[in-house]
Amino acid sequence: MEETPSKDWKEKVQGDEAEKFERLAMVLAEAQKRKPGDKRRVLHAKGSCGLRGVFTIADYVPIYARVGIFARPGTYRAYVRLSNGSPTPQHDSKGDVRGLAVKLLGVSGQKLIPGMENATTQDFLFVRSRTIPFRDPEEFVWTAVAAQSPLTFLPKTFFRFGLRAIPFLRALRKSLSVPYESAATCSFHAILPVRFGDHAAKFSLFPESQAEEPTGIQGENTIREDAHKRLLNGTISYQVRAQFFVNEDKTPIERPDKEWKESDAPFVTLARLTLPTQDIESADGKRISEYVERLSFDPWHAPVEFRPLGAMMRARNVAYRVSTVARAALPEPSGTDWA
Ligand code: HEM
């Protein structure tokens, strides 16, 4: 008999937050000082590669998780973008946030963003770490902006965080230096929760490929070169898993700096993400990569049953749109097949 997870999750919504989130999105966008016509993202500016993917729902999904795309077995084509989080592209050997974003095609059901209710995509955004050291969107945006001036970053952090500065800096360093040998052999985590029907959950990806010869990242574009080498004759795949909300103490909705421990909220496998064999340096591979670079991956590209939860997610609901409008991203793809 399956134990049904709790439905007792709650969000804390502050009355004045809409205005605050608008302001944060503008602060973030303006700090990047993008020139008109610059098509780079406000964050995760370096796209290592854009790939074709296939998302296959598991043959068995627990009854409580049979929601939306997970309601029945099926296969969705997808696009995947590997990125580095920094606002300015940098050498792959430098410590950075590592991103993996997925966009499923042909997803039915009403979507969340007003004006895009009939879109047929669902996105999942992951990074390499399981937590981030920020407690609210102000801390996230403040750090993203302050970190662009390395000389003043430390004194500013001590001034802003006071006694918390040391544990904060330690946690920040940890989240930027999570080992990254290859996208194929790393786990990735959404960090923030979403609704899952009446439940709440966090998604993660766990690699099915084993590390071959861990060499570390040395070159400027090692992440792309590694994906190219692996996908030329083989595939890369991940188990798509979710952790379900248990209670506010063990699995807080509003605390991205607190890990949901596996011992409290075990992972449930729901699907497999496969990157099929493809030549990313061929003319076709480059065309797909350039197309994916112009798409937008956004946690709010989702059916209503998977609404993002918490203040940090609601702040993203504004920030991603500001960034995608400024860089004139392509509209959501329609149809079920790759371009
Ligand atoms: C803590 C969880 C978060 C995760 C896992 C995450 C992950 C990602 C990833 C993977 C991308 C690259 C997407 C792509 O390849 O197109 C991205 C982009 C971005 N993120 Fe986040 N992010 C998080 C939080 C935030 C927050 C709190 C903000 C701001 C309030 C933010 C602002 C942005 C912006 C503006 C972009 C560029 C959007 C675009 O132009 O397409 N992120 N994020």
Side-chain angles (χ1 to χ4, degrees), residues 9-33 41-45 84-88 90 94-99 125-180 189-193 200 202 245-261 264-265 299 308-320 322-323:
W9 52 269
K10 281 184 194 64
E11 289 181 278
K12 290 190 194 108
V13 182
Q14 287 171 357
D16 62 344
E17 66 171 35
E19 219 172 90
K20 186 166 68 185
F21 295 160
E22 290 282 341
R23 187 173 43 77
L24 289 176
M26 296 316 293
V27 168
L28 196 56
E30 277 165 21
Q32 317 310 6
K33 298 186 185 71
R41 287 155 169 79
V42 162
L43 292 174
H44 292 261
N84 285 346
S86 152
T88 329
Q90 56 176 3
K94 291 208 167 161
D96 209 330
V97 172
R98 313 294 178 177
L125 279 69
F126 302 97
V127 291
R128 184 72 191 93
S129 56
R130 288 178 186 236
T131 56
I132 42 171
F134 316 108
R135 292 190 180 162
D136 54 44
E138 281 98 329
E139 288 189 2
F140 180 97
V141 170
W142 183 89
T143 308
V145 174
Q148 285 178 62
S149 313
L151 287 180
T152 52
F153 182 60
L154 273 187
K156 278 186 180 166
T157 303
F158 278 97
F159 187 72
R160 187 182 199 279
F161 288 90
L163 283 179
R164 218 185 107 211
I166 290 178
F168 171 78
L169 286 167
R170 222 177 264 145
L172 186 64
R173 211 172 69 183
K174 201 170 150 205
S175 72
L176 290 175
S177 55
V178 189
Y180 194 90
H189 308 276
I191 299 181
L192 302 176
K202 286 187 186 185
F245 172 85
V246 176
N247 63 39
E248 199 42 45
D249 185 40
K250 292 178 171 158
T251 52
I253 294 291
E254 302 277 355
R255 289 292 301 269
D257 58 330
K258 294 264 177 236
E259 187 175 341
W260 288 15
K261 296 215 177 77
D264 294 327
L309 295 177
M312 197 83 107
M313 280 293 210
R314 293 192 301 280
R316 293 171 87 186
N317 196 11
V318 188
Y320 285 62
V322 168
S323 176

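Here the structure is a predicted model, which means the values were calculated and not measured.
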- Task: Would you give the length of the straight line joining atom NE2 of H189 to atom CG of L125, rounded to the nearest 0.5 angstrom?
- Result: 14.5 Å
- For V246, does its backbone N or O pair with a side-chain atom of T251 as donor and acceptor, under 3.5 Å? yes
- Rounded distance [0.5 Å steps], CH2 in W260 versus OG1 in T131: 13.5 Å
- Query: Counting N and O atoms only, with roles assigned by atom type, does the side chain of E254 sit under 3.5 Å from a partner on the main chain of A311, one being a donor and the other an acceptor?
  - Reply: yes
- From E138 CD over to M312 CE, what is the distance, rounded to the nearest 0.5 angstrom? 9.5 Å
- Note on the structure: In short, S177 meets R173 closest at the heavy-atom pair OG-O, 2.7 Å
- Message: Using a 3.5 Å distance criterion without hydrogens, assess whether the side chain of E22 forms a donor-acceptor pair with backbone atoms of A18.
- Response: no
- Task: Under the side-chain contact (heavy atoms from CB on, under 4.5 Å) rule, what do H44 and V127 come out as? Steps first, then yes or no, please.
- Result: CA-CA 10 Å; H44 292 261; V127 291; 4.0 Å; yes
- Note on the structure: Of all heavy-atom pairs linking I132 and I191, the shortest is CG2-CD1, 3.7 Å
- Task: Run the numbers on M313 and E11 for side-chain contact (heavy atoms from CB on, under 4.5 Å), then give the verdict.
- Result: CA-CA 11 Å; M313 280 293 210; E11 289 181 278; over 6 Å; no
- Task: First locate atom CZ of F245, then atom NZ of K10, and finally report the distance between them rounded to the nearest 0.5 Å.
- Result: 7.5 Å
- Task: Using a 4.5 Å cut-off on heavy atoms from C-beta on, say whether the side chain of L24 contacts that of W142.
- Result: no
- Fit a plane to each ring of F134 and F140, take the angle between them on a 0 to 90° scale, and name the class: parallel (under 30°), tilted (30 to 60°) or perpendicular (over 60°). perpendicular
- Item | N84 side chain reached by K94 side chain, heavy atoms, under 4.5 Å | no
- Task: Determine whether L28 and Q32 make a side-chain contact, defined as any pair of heavy atoms from C-beta on separated by less than 4.5 Å.
- Result: yes
- Message: I'd like to know whether V145 forms a side-chain contact (heavy atoms from CB on, under 4.5 Å) with V27, so could you lay out the CA-CA distance, the side-chain angles of the two residues, the decisive distance to 0.1 Å, and finally the verdict.
- Response: CA-CA 8 Å; V145 174; V27 168; 4.0 Å; yes
- Query: Closest approach of L43 and R41, non-hydrogen atoms and distance?
  - Reply: O-CB, 2.9 Å
- Task: Would you give the length of the straight line joining atom OG1 of T157 to atom CD of E139, rounded to the nearest 0.5 angstrom?
- Result: 10.5 Å
- Item | Value rounded to 0.5 Å, distance of OH in Y180 from CZ in R128 | 8.0 Å
- Message: On a heavy-atom basis, which atom in A45 and which in P87 lie closest, and how many Å separate them?
- Response: CB-O, 3.2 Å
- Can you name the residues that form a side chain to side chain contact (heavy atoms under 4.5 Å, CB included) with S149, not counting sequence neighbours? T152
- Query: Can you name the nearest heavy-atom pair linking D249 to P252, along with the distance?
  - Reply: O-CD, 3.9 Å
- Task: Kindly determine whether F158 and I166 satisfy side-chain contact (heavy atoms from CB on, under 4.5 Å), including the steps that lead there.
- Result: CA-CA 8 Å; F158 278 97; I166 290 178; 3.8 Å; yes
- Counting distance only, does the side-chain N/O of S323 pair as donor-acceptor with the main-chain N or O of A319 below 3.5 Å? no
- Query: With a 4.5 Å heavy-atom cut-off, do E19 and D16 have their side chains touching?
  - Reply: no
- Message: Quick one: does any side-chain atom of R135 pair with a main-chain N or O of D257 as donor and acceptor, under 3.5 Å?
- Response: no
- Item | Min side-chain heavy-atom separation V322-F21 under 4.5 Å | no
- Shortest non-hydrogen contact from P299 to P308? O-CG, 3.4 Å
- Note on the structure: By side chain to side chain donor-acceptor pair (under 3.5 Å), E17 pairs with (sequence neighbours left out) R314
